[in-house]
Each structure stands twice: as structure tokens, then as C-alpha cells.
Chemist: 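One structure, pasted below without further comment.
Throughout, protein chains are lettered first and strands after them, A, B, ... in sequence-line order, and every chain is numbered starting at 1. For clarity, every value in this text was computed on a predicted model and none was experimentally measured.
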Amino acid sequence: MQEDYNVTAIQDKWLPLWDDLKPFDSSRKDDTRPTKYVLDMFPYPSGDLHMGHAEAYALGDVIARYWGQKGYNVMHPIGWDAFGLPAENAAIKRGLDPRAWTYENIAQQKASMRRYACSFDWDRVLQTCDPSYYQWNQWLFLELYSRGLAYRKNSNVNWCPSCQTVLANEQVVQGLCERCDSVVTKKSLTQWYFKVTDYADRLLDDLSQLEGKWPSKVLSMQRNWIGRSQGANIDFAIEGMDQKISVFTTRPDTLYGATFMVLAADSELAQELASATSKEIHEQFESYLEEVKKANDIERLATDRKKTGVFLGHYALNPINDERIPVWVSDYVLADYGTGAIMAVPAHDDRDIEFAKTFDLPVFMVVDTGEEDPAVSGIATSGDGVIVNSGELNGLNKADAISKAIELVEAKGTGKGAKNFRLRDWLISRQRYWGTPIPIIHCDKCGEVPVPADQLPVELPASEGLDLAPKGTSPLGAASDWLNVDCPTCGGRAKRDSDTMDTFVDSSWYFLRFLNPNSDEVPFEKEQAEKWAPVDQYVGGVTHAILHLLYARFFTKVLHDIGMVDFEEPFTRLLNQGMVLMNGSAMSKSRGNLVRLSEQLDIHGVDAIRLTMAFAGPPEDDIDWSDVSPAASAKFLARAWRIAQDVTSKPESNFASGDKGVRKATHQFLSGFKEAIESHKFNVGVAKAMELTNHLRKAIDQGVGPADIAVREGAEELAKALSLFAPYTSEDMWQLLGHKPTVALAQFAEVESELLVEQKGIAIVQIDGKLRDKFEVDVSISEDELRELALSSELVKKTLQGKEISNIIVRAPKLVNIATK
RNA sequence: GCCCCGAUAGCCCAAUGGCAGAGGCAGACGACUUAAAAUCGUCACAGUGUGGGUUCGAGUCCCACUCGGGGCACCA
């Protein structure tokens with residue numbers, strides 16, 4: 001009895017069965033399969049899953065299911081990045097409890113993932129807002145604290161006036177809050193930091209281990225972000241004062257060309273020097289500083305900005321030649337990069353020459369690059385050249401002069417080779433409610449006191465009665481029962497730290513928590529880490545290229561140093577899937593181009609949507625939903641399904657007697673398919689499955705017929721391959737073919753390589769690279785035979801008439817190229 | 001300004017330096033059908049953004065440029 005392919009029916013049929021079978025349980029004690037750890041970036045539970053999730057999880061699932069069918073015990077867990085501002089903001093807006101709101105969304109997403117047939121191990125699940133999870137955030141915080149890697153300091157921090165909280169450097173995009181696009185301002189606050197800068201060198205150098213395994217784009221973004229520069233710190237004495245100005249420069253070779261100094265207007269040293277000068281200059285400085293403070297990052301970053309500044313009335317002495325040079329302040333020097341002061345070499349730096357031109361300061365060329373003297377042209381030169389006007393450096397090139405200059409200042413004791421980073425320490429305090437409480441108690445007598453381990457977790461108090469609306473201080477400050485505690489050291493009255501941690505702390509180590517998601521003893525067991533970690537394949541969006549991935553790499557290195565893991569990089573391979581767009585732009589309600597996932601699933605079925613995601617193009621490319629056709633995917637799945645339905649042979653495993661041509665197609669498919677999936681060309685893998693389907697259709701209708709055992713072999717491998725993209729259809733095909741569920745555990749057949757070898761092949765003959773003739777040859781043909789054959793071709797002879805052969809290239813059995821003069 | 005990625009048929013995309021086409025969409029035609037849908041089959045369509053170079057041979061490698069996308073940027 002022939003039936004129709006019914007999407008809804010097979011979804012309803014198989015989903016409950018899989019729940020019973022638990023094919024993706026990775027914790028079976030007697031499991032001897034080799035292991036793989038495949039991880040999708042966990043979602044933020046704001047509403048139901050959307051098209052972007054659908055793509056990410058479809059692709060992650062292809063990889064996880066593939067390794068499962070290759071015979072691996074695959075750990076493919078899922079969790080929720082459940083703390084954070086959106087929950088809180090939604091809760092404020094609707095007067096709800098953020099906790100209830102979050103758990104409701106998690107339940108909804110979980111149901112959608114189950115329907116979407118993600119191959120998750122549902123026994124390895126976590127939610128970062130559970131005390132059983134965040135207690136380990138607190139534990140890790142204290143580990144970092146005890147090693148001096150978590151510390152508190154006062155500084156001018158990034159402040160989002162709309163979110164009413166501080167932001168990490170990484171959360172400020174082009175001067176705007178990455179979350180709400182408000183203009184970020186500066187505020188002087190005492191906040192907690194993680195000392196990421198201690199790891200800057202390792203974070204940068206270890207990127208080379210990931211070369212070829214992570215997208216090069218992400219590697220370069222991380223390198224840019226860490227931003228290491230090599231150079232020297234050089235001290236300039238200040239005339240008539242004990243103070244020194246220390247500068248960082250990447251161009252110590254231009255030391256003789258320094259004609260003035262510039263201090264960051266908002267640096268402490270500027271303040272000090274301004275106090276030790278005439279009243280008039282001091283007043284000028286103060287009013288300039290006011291101006292500078294008013295400017296926000298947007299204005300400051302404007303490229304055509306005029307240089308401004310104030311002369312401080314002081315002179316510094318160039319350590320290499322005792323030249324007397326004036327000291328200025330300006331806002332183009334940043335207080336928090338390098339030493340907050342520079343030696344200005346206008347001849348060889350764009351910014352410095354702009355400043356020199358504005359204030360009529362001297363320009364003195366010390367590198368002859370062959371271009372016009374900057375003092376004349378007004379254009380700074382920064383290339384390599386011959387050092388001039390520089391005493392003992394004269395005649396050297398740039399690189400040699402840099403080394404020599406460092407030697408000279410080191411010998412004089414006025415400088416040192418140094419490197420500098422763009423990367424800053426990670427500010428982790430947040431003045432918000434829905435996050436992990438910082439496990440520190442502030443005591444007037446004892447100062448900062450860590451919460452003793454046996455008092456962890458410091459649970460978040462209920463939100464009831466608290467005003468969650470942003471007001472610049474943490475809502476927890478009003479939870480007086482929770483806030484006021486006895487000091488663990490002296491027993492006196494003390495207060496808890498009322499800030500919560502940046503949620504990126506949660507996601508910096510969650511991939512390790514999946515090893516023991518329910519342990520109350522340890523964050524994770526070392527033996528489990530040895531068995532599973534690091535993550536073999538990580539899948540997620542490129543939006544996390546800097547923030548999350550950098551922090552996770554930092555945590556991993558810290559955990560390595562603590563001795564908790566034996567590796568230094570958390571994610572061996574990384575796949576960044578693209579975005580799902582609609583008509584060329586990101587989907588959004590306000591743009592009116594939102595495609596609802598649930599609707600798509602209702603119309604086309606889960607399998608068709610998943611297949612469409614995989615088939616749309618290379619996974620890292622964006623998918624424009626208007627370019628793809630889920631209906632076509634559904635059509636193909638029905639076509640494949642009918643192949644399984646048409647097979648009439650009984651299940652057996654000896655296919656040797658099957659039709660050679662069909663078997664060849666099957667094994668060529670297998671070989672190409674595996675290669676495509678392993679190199680993450682999922683679209684090519686799908687195309688190959690379509691090709692096999694077309695071949696089998698033809699074999700059934702016009703060839704060997706549905707009873708040939710080779711057709712069964714092809715149909716079975718097709719079913720297994722489709723399991724990666726279309727689990728429901730595939731499972732149903734597997735049953736039609738007389739097998740028991742679940743196809744997800746059925747392993748791919750080994751490629752029989754003798755079936756891949758062709759007896760005959762087409763050889764082509766080119767003359768000067770142009771195709772002139774082709775003929776069928778035996779693949780074992782020798783070069784000489786093929787050359788003879790080519791030269792005896794009538795077509796070739798005709799083309800060669802009147803031409804002189806200069807060279808004949810033979811690549812048996814495929815090609816002969818005859819070059820003429 | 002610096003760095004990275006991309007450009008192949010009407011569209012989405014394939015192609016270890018060796019016949020430009022694997023697959024799909026849209027299209028044309030045919031079979032089945034009273035008809036349509038579904039299904040099955042057949043066909044057409046580009047010389048690879050531009051200009052150079054290397055090579056017996058370049059979509060593929062190199063150089064310059066155009067366009068599109070992304071990252072960093074008063075970072076010393």
C-alpha cells in the first residue's frame with residue numbers, strides 16, 4: 001500500500017519515541033566509543049526561538065549527528081544564558097518577576113528545541129540563574145580573588161545612562177552601548193575587575209594554535225582587540241622638578257625628532273604639573289579640562305577633529321640629547337593607554353604634525369624616507385628610511401635604529417624596551433539585580449572580606465519589594481535583610497557587595513559545567529574534563545568573536561594555571577554561522593521583515609526548515625530567506641522518502657551482488673558526503689544527497705528496478721545521511737526500509753574504495769589550453785600511449801596544421817596539452 | 001587611514017592549477033491525467049567584476065583597481 005509523505009504525521013509519530021530511546025545520552029557507563037564534544041552557543045531566553053537559532057542549531061546538529069553516526073559518543077549539551085538585562089527590563093516593563101519570566105521562556109525554548117529535533121543530551125542541561133550554577137561563579141570569583149586576579153579599583157568607567165550601569169570596554173561599540181545604543185559617558189566609580197591584562201601575551205600568542213581551526217576573521221579580530229605594540233618606555237626629566245614624564249613609544253628610533261611632549265589632559269600628571277605653574281596657565285588648563293570632560297566618545301572619535309591643547313609652562317629634557325622641549329596637554333592623548341603621555345615627533349606622526357601645525361611647534365626630520373621633508377611639506381612620513389640628524393643612530397634603518405635607541409636609553413638608565421596592549425582589564429561589576437551576587441562583604445574594620453566557602457552560594461534575594469528600575473546603584477542595596485550581615489572575620493556589622501557580576505562571567509566557563517551539571521561538590525570533575533574537554537567543535541554567531549570568546553579563553557587559562565584543566569584553549573574548532581536575513585537586512589519587527597520560525601515550521605515542517613538552513617550556502621555566509629525555498633526542501637525530502645518506500649528487497653547486509661553502477665553511485669556519494677560534512681560544506685553534502693536520490697530514482701524507474709539490493713544499499717545510506725538534516729523523514733525512511741529506530745545510531749557504511757575506481761575515463765586533448773578533442777580511455781593508459789592517441793586524432797591533426805609543436809604535456813589518463821610556437 | 005573576506009547562469013550556489021556545472025530555485029517542453037495538482041522525464045541559459053602577470057594550461061596563484069561586506073582606528 002503506497003502512502004503519501006506526511007510531514008505532520010511523521011513528526012507526531014517519532015518525537016515521543018525518541019524521548020523513550022534517548023539516543024543522545026552521553027553518560028552511559030558502559031559506553032566505550034571514542035568521545036567528541038560538540039557545543040552550540042547557549043541561547044539567551046528572551047522569548048521563543050527565532051530563525052537565527054534555527055540556523056545555528058540546525059548546523060550544530062549536523063555536526064553532532066554526523067560524529068554520532070561515525071561511531072563517536074558525542075556530548076551535545078544545551079543550557080541557558082539566563083541572567084542579564086533583558087529579563088530585568090522586560091520584568092520592569094510588565095511588573096513581573098524576572099525569575100518567573102526567565103523560567104517561562106526557558107520552558108518555551110526547550111519545547112521548541114525538542115520539536116526541532118535537536119540532538120541534545122537532555123540530561124546535561126544548565127541554567128546560569130540557578131543557584132546551583134552561579135554558586136560556582138562565586139567560587140571562581142574567590143579563586144581569582146585569592147590569586148590577585150580579581151581586584152577593586154577606582155577609575156573613569158564606561159557608563160550607560162540608559163541602562164544605568166557600567167559597561168566593559170568590550171560592550172562599548174563606536175562609543176555607544178552595545179545593548180541600547182545610548183551614548184556612553186564616563187563616570188568615576190570603584191568597581192571590580194578581572195586582570196585579563198596579565199594574560200594578554202598568552203591570549204595573543206596562543207591564537208596561533210587556532211590558526212586554520214577558527215575563522216581567520218575571528219583570529220584577526222582578537223589580535224586587533226588585544227592590540228600588542230612593541231617599543232620602549234622612555235623617561236623625560238622635567239626641568240626644575242623631581243617629576244619625570246614617562247612615555248611609551250613604538251618609534252624610539254625617532255627620539256631625536258621629539259620636539260614637544262603631550263600629556264593626556266585628564267591624567268594625574270597633567271593635574272600635578274598644572275598646579276606647579278603660573279596661575280594663568282593653571283586656569284587655562286582647568287577650563288580646557290572641563291571642555292575635554294564634556295566631550296563624549298562620538299565627538300572625540302571624529303576623524304576631522306581639530307587639535308586642541310594647552311601649554312603647561314614646563315619643559316622636559318630629551319634623555320638622548322638633553323634638548324629642552326615644551327610640555328603640552330591635549331585630548332588626543334588618552335589617559336588610559338600606555339603611560340598617558342607621549343613624546344611628539346611631528347615629522348613622523350600624523351597626529352603630532354597636526355598638533356605642531358596648530359600651535360606652530362617645530363618639525364624636525366630624523367628619518368629620510370626619500371619623501372619631501374615634513375617640515376616643508378607639512379605631511380608626516382612614517383615609512384622606513386635612513387636615520388639622519390640623530391647622532392649615533394645616523395645611517396641606520398628603522399628596525400636597527402629602534403634596537404640601538406633602546407640600547408642607548410637602557411644604558412643611560414632612562415628607558416627600557418617595553419610592550420603595550422590595547423586590552424584593558426575586564427570590568428565585571430554591574431549595578432543591576434538579575435545576576436550573580438559578588439561574594440564579598442565590606443567591613444569597616446576588616447575591609448574587603450571574601451564570603452567563606454561554606455557560606456556559598458550567596459543567593460540572590462527575591463525581587464519582591466525591590467525597585468528594579470535603573471537608578472545608578474544596585475537594587476540589591478535596598479534589600480536590607482540580605483545586605484546587612486556580620487563580618488565573617490570580626491563578627492562586626494558589615495554589608496554585602498550589592499553589585500552583581502557581568503553575565504559574561506557566567507558564559508566564560510559554562511562549557512565545563514556540562515561535564516557535571518548537577519554536582520554540588522565541584523564546578524566540574526577533573527577526570528570528566530580529561531575525558532571530554534576541550535570542546536572539539538564550537539558553533540555560534542560571530543557576534544561573540546571578541547567578548548565571549550576572549551573571556552572564555554581567559555578563564556580557561558586561569559583554570560589551567562590553577563590546575564583544574566590540562567589544556568589552555570577551550571574551543572579546538574570554531575564555526576561561525578552567518579545570519580538569517582530577509583530581503584537583505586536583519587529581521588526585525590520594526591522593519592516589518594520578521595519571519596516567524598514557528599510559522600515556518602507549521603507550513604513546511606521541521607525537516608524542511610533544517611534542510612533549508614544547511615542547503616542555503618556555506619554555513620558562514622548569511623542566508624537571505626527570500627533567496628531560499630523551504631518548499632523545495634520539502635519536495636526533495638518527499639522524493640527521498642519515496643525512494644525508501646519503493647525499495648522491495650528484504651533487509652540484509654550483503655550488497656556485493658547488487659548492481660555495480662548503483663553501488664558505485666552510492667559509494668561515491670558516501671565518500672563525497674563525508675568529505676563535505678567534515679569540511680563543513682553542508683550545502684555540498686545536501687547536493688550530493690540530491691544527486692544520489694536522482695540516481696536511485698532513475699535506477700528504480702528505468703534501470704535495475706526496486707528489487708536490486710544495490711538500490712536498498714543506496715536508500716539506506718541516503719536515509720542515514722538525511723538523518724543529519726531531516727531526522728523525522730530519515731527515521732521514517734529507516735522504518736520503511738525495515739529497520740528499528742533509531743537511525744541516528746546507525747553508522748555510515750565504510751566506503752568500498754574499489755567501487756570508486758573507474759575502469760574507463762574521458763581524456764581530453766587541449767591545444768594551447770583550448771579543448772580540441774576528447775575520447776574514452778582505459779584509466780591505466782600510459783603517458784606514451786595517451787600522447788600517441790592524442791597526436792593521431794583527426795581533429796588534433798587538423799588544428800595543428802601549419803603549427804610547430806613546442807611542448808606536449810601529458811597527464812594520464814586525463815589530459816594532453818599540446819603547446820605550439 | 002590600516003587590516004580581513006567576497007564577486008561564477010535571471011537567482012542561490014558547486015568546481016585537488018586541467019572539459020566552467022554538483023545541486024537547487026525560477027523558466028521552456030514532454031509523459032501521466034477529462035483537466036489540474038502532484039509525480040516522472042528532457043532542455044536552454046554564463047566563459048567566472050576590471051586590467052595586467054606567472055604557467056603548457058588560471059574561476060582557482062601573484063599584482064593593481066572597482067564594487068559589496070566586516071573588523072580596528074587620535075592606541076603613541
Chemist: What nucleic acid atoms does A:Ile623 come within less than 4.0 Å of, heavy atoms only: base, sugar-phosphate, or nothing?
Modeler: nothing
Chemist: Looking only at side-chain atoms of A:Asn224, point me to the closest of B:A76, B:G71, B:C75.
Modeler: B:G71
Chemist: Any side-chain N or O of A:Asn683 under 4.0 Å from OP1/OP2 of B:A14?
Modeler: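 Answer is yes, contact under 4.0 Å.
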Chemist: Mind checking whether A:Phe355 and A:Phe260 have ring centres under 6.0 Å apart?
Modeler: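 When the ring centroids of A:Phe355 and A:Phe260 are compared, they turn out to be within the sub-6.0 Å range.
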Chemist: Which salt bridge (Lys or Arg N to Asp or Glu O under 4.0 Å) pairs, counting each pair once, include a residue from residues 608-629 of chain A, with sequence neighbours left out?
Modeler: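 Found A:Asp61-A:Arg610.
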Chemist: Taking only residues two or more places apart in sequence, or in another chain, which ones meet A:Thr308 in a side chain to side chain donor-acceptor pair (under 3.5 Å)?
Modeler: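 Here the qualifying residues are A:Tyr288.
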Chemist: Can you run down the salt bridge (Lys or Arg N to Asp or Glu O under 4.0 Å) pairs that involve residues 676-695 of chain A, sequence neighbours left out, and say none if there aren't any?
Modeler: A:Lys70-A:Glu678
Chemist: Between A:Lys306 and A:Thr358, is the side chain to side chain contact (heavy atoms under 4.5 Å, CB included) condition met? List the steps.
Modeler: CA-CA 8 Å; A:Lys306 283 257 176 335; A:Thr358 307; 5.9 Å; no
Chemist: Report all interatomic pairs (protein N or O, nucleotide N or O of nucleotides 23-25 of chain B) with separations under 3.5 Å.
Modeler:
unit_1 : atom_1 : unit_2   : atom_2 : d
B:G24  : OP1    : A:Asn694 : ND2    : 3.4
B:C25  : OP1    : A:Lys635 : NZ     : 3.4

Chemist: For the residue pair A:Phe669 and A:His667, is the inter-centroid distance of their aromatic rings smaller than 6.0 Å?
Modeler: no
Chemist: A:Tyr5: which residues meet the ring-ring contact (aromatic ring centres under 6.0 Å, His included) condition with it, sequence neighbours left out?
Modeler: A:Trp641
Chemist: What pairs of nitrogen or oxygen atoms, one from the protein and one from nucleotides 17-19 of chain B, lie under 3.5 Å apart?
Modeler:
unit_1 : atom_1 : unit_2   : atom_2 : d
B:G18  : O6     : A:Arg811 : NE     : 3.4
B:G18  : N2     : A:Gln766 : OE1    : 3.1
B:G18  : N2     : A:Asn817 : ND2    : 3.1
B:C19  : O2     : A:Lys774 : NZ     : 2.4

Chemist: Any idea if B:G68 is syn or anti, going by the 90°-from-0 cut?
Modeler: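 You should classify B:G68 as anti.
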Chemist: Scan every strand shown for a Watson-Crick or G-U wobble partner of B:G41, both distances under 3.5 Å, and answer none if you come up empty.
Modeler: B:C29
Chemist: Considering only side-chain heavy atoms of A:Tyr337, which listed nucleotide, B:U39, B:A76, B:G71, is closest?
Modeler: B:A76
Chemist: Between atom CD in A:Glu354 and atom P in B:A73, what is the gap in whole Å?
Modeler: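 Answer to the nearest Å: 21 Å.
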Chemist: Round to a whole Å and report the spacing from OH of A:Tyr332 to P of B:A76.
Modeler: 13 Å
Chemist: Side-chain N or O of A:Arg223 less than 4.0 angstrom from OP1 or OP2 on B:C3?
Modeler: no
Chemist: Between A:Arg697 and A:Asp621, which is nearer to the 5' end of RNA chain B once each is assigned its nearest nucleotide?
Modeler: A:Asp621
Chemist: Using purine N1 to pyrimidine N3 plus N6-O4 or O6-N4 for Watson-Crick, or N1-O2 and O6-N3 for G-U wobble, both under 3.5 Å, which nucleotide pairs with B:C75?
Modeler: none
Chemist: I want to confirm an ordering. Mapping A:Ile818 and A:Ala616 to their closest nucleotides on RNA chain B, which one lands closer to the 5' end?
Modeler: A:Ala616
Chemist: Is A:Pro618 touching bases, backbone alone, or none of the nucleic acid, heavy atoms closer than 4.0 Å?
Modeler: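 Since only primed, P, OP1 and OP2 atoms lie under 4.0 Å of A:Pro618, the category is sugar-phosphate.
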Chemist: How would you label the contact of A:Val262 with the nucleic acid (heavy atoms, under 4.0 Å): base, sugar-phosphate, or nothing?
Modeler: nothing
Chemist: Atom NZ of A:Lys681 to atom C1' of B:A14: distance rounded to whole Å?
Modeler: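 Taking NZ of A:Lys681 and C1' of B:A14, I get 9 Å after rounding.
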